[in-house]
Amino acid sequence: MKKKYENKVLAFRWVKSPSKKLMILNQLLIPHQEKWIECTHHEDVADCIRHMNVRGAPAIGCVAAYGLVLSSLEKKFADSKALISYLYSSAQTLFSTRPTAINLYWALERMKKAVKDIKPQAKNERAKIKEIRETLEEEANKIYEEDLDGNYRMGDLGAKLFPKEAVILTHCNTGSLATSGWGTALGVIRTAYHKGKIKKVLVDETRPYLQGARLTAWELSKDKIPYELITDNMAAHMMKTETIHAVIVGSDRIASNGDVANKIGTYGLAVLCQYHKIPFYVVAPTSTIDLKVISGAQIPIEERSRKEVTHIRNYALTPLDTIARNPSFDITPHSLITAIITEKGIAQPPSMETIKQFLNHTPK
Ligand code: MRU
């Protein structure tokens with residue numbers, strides 16, 4: 001699919017020459033500074049994921065794939081076996097950075113499979129190593145391109161669900177910064193805006209890490225899409241006192257029954273939507289669907305540092321001995337979700353049957 005709209009923000013860039021490296025936009029400095037981190041080693045990429053310099057499920061899948069390319073290039077190998085064993089341990093390091101987003105695991109498994117599927121043609125070990133490196137780079141590029149293409153498809157499919165002059169509430173950051181470009185839920189909002197359907201976006205600040213306030217507000221402001229920032233606890237009041245046509249969010253992992261793991265606070269919004277009779281949409285590429293997981297109860301929830309709750313940057317908000325909790329994601333049961341929008345189709349209502357019916361279908 002051809003890109004219809006230009007996107008002004010990127011989370012990462014793969015540089016091919018003079019030497020290969022991955023540039024990651026340091027999201028911890030947004031909105032005040034746009035600084036890039038140069039990654040030449042898979043450990044650099046793992047650090048960026050761990051510290052949230054790059055975040056958002058599809059984006060961390062893409063950068064992890066490039067991390068594996070770097071791992072194949074970062075040292076000399078005696079033979080192809082040594083390279084493959086190093087790749088497997090690098091994949092483990094990258095995988096261990098964040099547990100909830102399945103895209104990370106999906107991308108690393110796909111990279112490993114691409115290497116396994118190489119038909120041995122090269123005669124000597126040097127040629128085999130070269131072939132593995134080339135295969136890895138090709139596969140990482142494919143993962144990136146397919147994700148971007150999927151973003152635009154989800155944008156087109158999802159935008160059809162909004163009425164004209166729509167007021168839409170969104171949570172966390174699901175835009176270009178969280179994907180290969182454009183976005184999932186924010187991609188739908190962007191496409192709908194280009195089609196003249198958006199009146200205003202309400203942006204949840206998304207405590208504790210403020211992805212809405214720092215990142216979504218920044219993306220919308222760059223695109224000149226009208227928005228208003230609200231604190232998370234204002235959502236119920238806004239639903240009661242103003243017209244909100246839909247709430248739309250992304251996902252870090254979708255169980256085969258349609259239960260959705262997403263940024264903490266998503267479940268609360270879905271409950272509010274049911275009470276206020278507002279459609280609740282989830283937008284995610286099929287790489288976010290984990291068929292091995294039967295229901296949301298089996299999805300591991302990342303518990304992050306308590307300092308993210310007690311502090312803003314390095315400023316303490318609470319008494320120093322405060323014990324805080326920080327589950328970074330929650331599970332929304334499929335019964336509260338109006339539809340799940342993927343690049344291959346819409347599951348409405350979400351269930352094992354509606355999800356499976358389009359999974360093997362390749363869109364043209
Ligand atoms: O902790 P984060 O910032 O990585 O969490 C991001 C989210 O929860 C997003 O909603 C999700 O990854 C989908 S983004 C396309």
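In each ligand, atom 1 is the first atom listed, and ligand 1 is the first ligand listed. Keep in mind that what you see is a predicted model, and the values were worked out from it rather than measured.
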side-chain hydrogen bond (donor to acceptor under 3.5 Å, both in side chains) evaluation trace for Arg110 with Ser287
CA-CA 11 Å; Arg110 189 168 149 173; Ser287 55; over 6 Å; no
Restricting to non-hydrogen atoms, name the atom on [X] and the atom on [Y] that form the minimum distance, rounded to 0.1 Å.
X      : Y      : value
Asp204 : Thr231 : OD1-O, 4.3 Å
Ser335 : Gln274 : O-NE2, 4.2 Å
Arg190 : Glu219 : NH2-OE1, 2.7 Å

Within the structure, is a non-hydrogen atom of [X] found at a distance of less than 4.0 Å from ligand 1?
X      : answer
Pro58  : yes
Tyr209 : no
Glu302 : no

Could you walk me through whether Arg55 and Gln27 pass the side-chain hydrogen bond (donor to acceptor under 3.5 Å, both in side chains) test, one step at a time?
CA-CA 8 Å; Arg55 27 66 51 205; Gln27 295 190 28; 3.2 Å; yes
Would you kindly specify which portion of [X] sits under 4.0 Å from ligand 1, judged on non-hydrogen atoms: side chain, backbone, both or neither?
X      : result
Ala57  : both
Val249 : neither
Lys263 : both

Please verify the inter-ring angle class for Tyr66 with Trp14; under 30° counts as parallel, over 60° as perpendicular, anything in between as tilted.
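Rings of Tyr66 and Trp14: parallel, under 30°.
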Would you call the rings of Tyr281 and Phe162 parallel, tilted or perpendicular, taking 30° and 60° as the class edges?
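Ring orientation of Tyr281 relative to Phe162: tilted.
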Can you name the atoms of ligand 1, numbered from 1 with element, that are less than 4.0 Å from a heavy atom of Asp252?
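The list of qualifying atoms is 7 (C), 8 (O), 9 (C), 11 (C), 12 (O).
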Under a 4.0 angstrom heavy-atom cut-off, which atoms of ligand 1 come close to Cys172?
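Ligand 1 atoms under the 4.0 Å threshold to Cys172: 5 (O), 6 (C), 7 (C), 8 (O).
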Minimum distance, heavy atoms only, to atom 4 (O) of ligand 1: which one of Met52, Arg98, Met154, Gln27 is it?
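Minimum heavy-atom distance to atom 4 (O) of ligand 1 goes to Arg98.
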Of the options Lys16, Lys130, Lys20, which is the one that meets Glu137 in a salt bridge (charged side-chain N to carboxylate O under 4.0 Å, His left out)?
Lys20
Is the closest N or O pair between [X] and ligand 1 shorter than 3.5 Å?
X      : result
Phe329 : no
Gln211 : yes
Asn173 : no
Asn262 : yes
Arg55  : yes
Thr179 : no

Nearest to atom 14 (S) of ligand 1, what protein heavy atom do you find, and at what distance?
Ala178 CB, 3.7 Å
Minimum-distance protein heavy atom relative to atom 15 (C) of ligand 1:
Thr184 OG1, 3.1 Å
Assess whether a salt bridge exists between Glu125 and Lys81, defined as any Lys/Arg side-chain N lying under 4.0 Å from an Asp/Glu carboxylate O.
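Answer for the salt bridge query: no.
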So is Lys200 actually on top of Tyr227's ring, under 6.0 Å and inside 45° of the axis?
no
Are Ile60 and Phe329 linked, directly or through other ILVMFWY residues, by side chains that come within less than 4.5 angstrom of each other?
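Looking at the clustering, Phe329 is in a separate group from Ile60.
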